[in-house]
Number of protein chains: 2
Amino acid sequence: MSRYYSISDVAERTGISAYTLRYYDKEGLLTFVRRSESGIRQFSEEDFEPLYTITVLKRCGMPIKEIRRFMELYLQGNDTIHERYLMFSRQKENLQKQIDELNRMMKIVDYKCWYFKEAEKYKDINYYKKLPAEEVDERINEFNQIIHDFREGSLTE
Amino acid sequence: MSRYYSISDVAERTGISAYTLRYYDKEGLLTFVRRSESGIRQFSEEDFEPLYTITVLKRCGMPIKEIRRFMELYLQGNDTIHERYLMFSRQKENLQKQIDELNRMMKIVDYKCWYFKEAEKYKDINYYKKLPAEEVDERINEFNQIIHDFREGSLTE
DNA sequence: TCTTGACTTAGAGTATACTCTAGGTTTTAC
DNA sequence: GTAAAACCTAGAGTATACTCTAAGTCAAGA
């Protein structure tokens, strides 16, 4: 029933290398893993859930020291449910900020793609400077305003 | 009209420290910046646009070596418009992948928040194990399936 | 029993992106 | 003219997250 998994079993199944697993252990992330009498790590079925949580937190961009804090709470059991809720709650906000930021970047990169396509037609990266003001696409003026704000240090990041 | 900006002017306006600007220069990102006879960097009005592009690419997660490649194309002028278009185009895909990934993480973190809120009511992190199967919320079964797949190495990331 | 392969630790090495120091030169302001 | 402030480079130091090596221990099959 409750079999054990060696570190290389776990590495193969999760895609986390054995080196990395040992490093995580050294950093205090895998304190839940049992050891045999001779000191060999024996991962149980249940260990895959916190292991998965580690991968999720990593992919959220959480640094290892913060993940350790979470794992400490995990080990303490039912008394820390609320605090763990708060950690995930903050993580949600954090994720949303990252998503918002990437969406902002997407808008700019999208503009750049459009602009380069236009410039390609004219074979001139500054083609719009030769156009009469009323023929310049509004997107270009908007982007130049961003650059202007960036230069003036008034860009609210 | 066309005034110059010192490295500390630029640092103050852009929020990039003078140390970092010099480091970027050393890494070949600021080859467009002119120097005075005595070797002092003189940023022009026009230099803020590529500088802004560097910050955008950084915030997209592009490593400095790749940004350097882009700046090389920038310096070559009109002949590289198409290649620069392609770089931004690829960056769009890359950004979308990052956004998708963060949205996936958001779903999981959202579930975790919900789960901890539930567990808090029961004061038991494993409360659902004591419930009859038909009373267990479907979200829990779905999540346990993810953990199962993770353990079996069949999680398609 | 012995050999092979997998495990262990400690610690060194790598990569990335800064961040700072030291020592020297240039510019600016009085 | 001179002192302070700002600039320069080279290179060392920091932080993060692995990644690997060395040297030794343990477990399983011939």
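Computed from a predicted model, the values in this text were never measured in an experiment. Order of the sequence lines sets the chain letters (A, B, ...), proteins ahead of strands, with each chain counted from 1.
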Starting at the 5' end of DNA chain C and moving along, which residue's nearest nucleotide shows up first, B/Gly61 or A/Asp25?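 By nearest-heavy-atom nucleotide position, the 5'-most residue is A/Asp25.
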When the nearest nucleotide of DNA chain C is assigned to B/Lys65 and to B/Lys26 on a heavy-atom basis, which residue is associated with the more 5' position?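 First, find each residue's nearest nucleotide; the 5'-ward one identifies B/Lys65.
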Within a 6.0 Å radius of atom CD on A/Glu37, are there more than 12 heavy atoms belonging to other residues, nucleotides or ligands? no
Flag yes if more than 12 heavy atoms outside B/Gln42 fall under 6.0 Å of its CD atom; otherwise flag no.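 Above 12, so yes.
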Checking contacts here: which listed nucleotide (C/dT9, C/dA10, C/dT26) is nearest the side-chain heavy atoms of B/Ile40?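 Among the listed nucleotides, the one closest to the side chain of B/Ile40 is C/dT26.
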Given C/dT8, is OP1 or OP2 found less than 4.0 Å from the side-chain N or O atoms of A/Arg22?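 Indeed, a polar side-chain atom of A/Arg22 lies that close.
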Charged N-O contact under 4.0 Å between A/Arg41 and A/Asp47: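 No, no charged N to carboxylate O under 4.0 Å.
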When you check the gap from the basic side-chain N to the acidic O, do B/Asp124 and B/Lys130 get nearer than 4.0 Å? yes
Near-ring test A/Tyr115/B/Phe88, centroid separation under 6.0 angstrom: no
Rounded to the Å, how far apart are [X] [atom1] and [N] [atom2]?
{"X": "A/Tyr19", "N": "C/dT8", "atom1": "OH", "atom2": "C1'", "answer": "13 Å"}
{"X": "A/Glu37", "N": "C/dT8", "atom1": "CD", "atom2": "P", "answer": "16 Å"}
{"X": "A/Leu21", "N": "C/dT9", "atom1": "CG", "atom2": "P", "answer": "12 Å"}

Hey, does A/Ser17 reach any base, or is it just sugar-phosphate, or nothing, if we go heavy atoms under 4.0 Å? nothing
Touch class at under 4.0 angstrom, heavy-atom based, for A/Ser36 against every strand present: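 A/Ser36: no heavy atom of the nucleic acid under 4.0 Å.
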Terminal contacting nucleotides, 5' and 3', DNA chain D versus chain A (heavy atom, 4.0 Å): D/dT16 to D/dA27
How long is the straight-line distance from OH of A/Tyr74 back to OG1 of A/Thr31, given to the nearest 0.5 Å?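 The distance works out to 9.5 Å.
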